[in-house]
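The structure appears right after this line, and notes come after that.
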Amino acid sequence: MDPPADDSSQIGTVGCVAIDAAGTLATATSTGGLVNKMPGRIGDTPLVGAGTYANALCAVSATGKGESIIRHTVARDVAAFMEHRPGLTLRDAAARVVGNTPRGDVGLVAVSASGEVCMVHNTTGMFRACATEDGHTEVGIWTDAAAGGHSVSIGL
Ligand code: ASP
């Protein structure tokens, strides 16, 4: 099958963030890159701080146009907000970072040390899901207007 001419793709990135019972945070991101990418291109996914980042405060995995994610050091910037702006929710930190990137370029999933989950995107949609130990599950594709725009956030 020929790749779509408009660079849109359904084969994109799989990102995962997790927190365990001890509060340990982890992230992982896997991708085939973008359709029609330049040979040899290295996107944001394997660049720690761009598409993938975790520390003691939060874990972040990004998807979208890697060039924008690299330029804005998306994953690390979310962690930097959490580090330098105590009191800011993960959702607010993520919304600020994603909001500073070009519309249509970036989405991310993240979880904080307190167990706050957020899934934010400025794209039309982002396939996403969340599951907790106590059985809560949630899936989404499009913008969740009830969550105040383009994000879903769950206090766990
Ligand atoms: N961020 C990936 C890249 O630019 C692509 C994706 O997320 O679908 O390589």
Write down the atom of [X], the atom of [Y], and the distance for their closest heavy-atom approach.
X   : Y    : result
S61 : V17  : N-CG1, 3.8 Å
A62 : A50  : CB-O, 4.3 Å
Y53 : A75  : CB-CB, 3.5 Å
D44 : G66  : OD1-CA, 3.0 Å
C58 : A79  : SG-CA, 3.6 Å
S68 : V106 : CB-CG2, 4.3 Å

Min side-chain heavy-atom separation [X]-[Y] under 4.5 Å:
X    : Y    : result
R76  : N55  : yes
R91  : M119 : no
R71  : T101 : no
R128 : V139 : no
L47  : I70  : yes
M126 : V109 : yes

- [ ] Please determine, by modelled atom types, if T29 and T45 share a side-chain donor-acceptor pair under 3.5 angstrom.
- [x]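 Judged by distance alone, the side chains do not pair up.
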Open item on the list: Any donor-acceptor pair under 3.5 Å linking the side-chain atoms of D105 with those of T123?
Closed with: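 Their side chains do not contain a donor-acceptor pair, so the 3.5 Å distance test is not met.
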Looking only at atom types and distance, does a side-chain atom of [X] sit under 3.5 Å from a main-chain N or O of [Y], one as donor and one as acceptor?
X    : Y    : answer
S112 : E116 : yes
E138 : C130 : no
T31  : V14  : no

Open item on the list: With side chain to side chain contact (heavy atoms under 4.5 Å, CB included) as the criterion, how do R85 and D92 come out once you've worked through the C-alpha distance, each side chain's angles and the decisive distance to 0.1 Å?
Closed with: CA-CA 11 Å; R85 296 287 299 273; D92 285 344; over 6 Å; no
Open item on the list: Are more than 12 heavy atoms, taken from residues, nucleotides or ligands other than L88, located less than 6.0 Å from that residue's CG atom?
Closed with: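 More than 12 heavy atoms, drawn from other residues, nucleotides or ligands, come within 6.0 Å of this atom.
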Open item on the list: So if I apply the side chain to side chain contact (heavy atoms under 4.5 Å, CB included) rule between L108 and each of I69, V74, N122, which one comes out positive?
Closed with: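 Of all the options given, the one that passes is V74.
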TODO: Give the C-alpha distance, both sets of side-chain angles, the deciding distance and a yes or no for side chain to side chain contact (heavy atoms under 4.5 Å, CB included) between H72 and V97.
DONE: CA-CA 8 Å; H72 292 269; V97 173; 5.6 Å; no
Task: SB check K37 E67 (cutoff 4.0 Å) - done: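 So K37 does not pair with E67 through a salt bridge.
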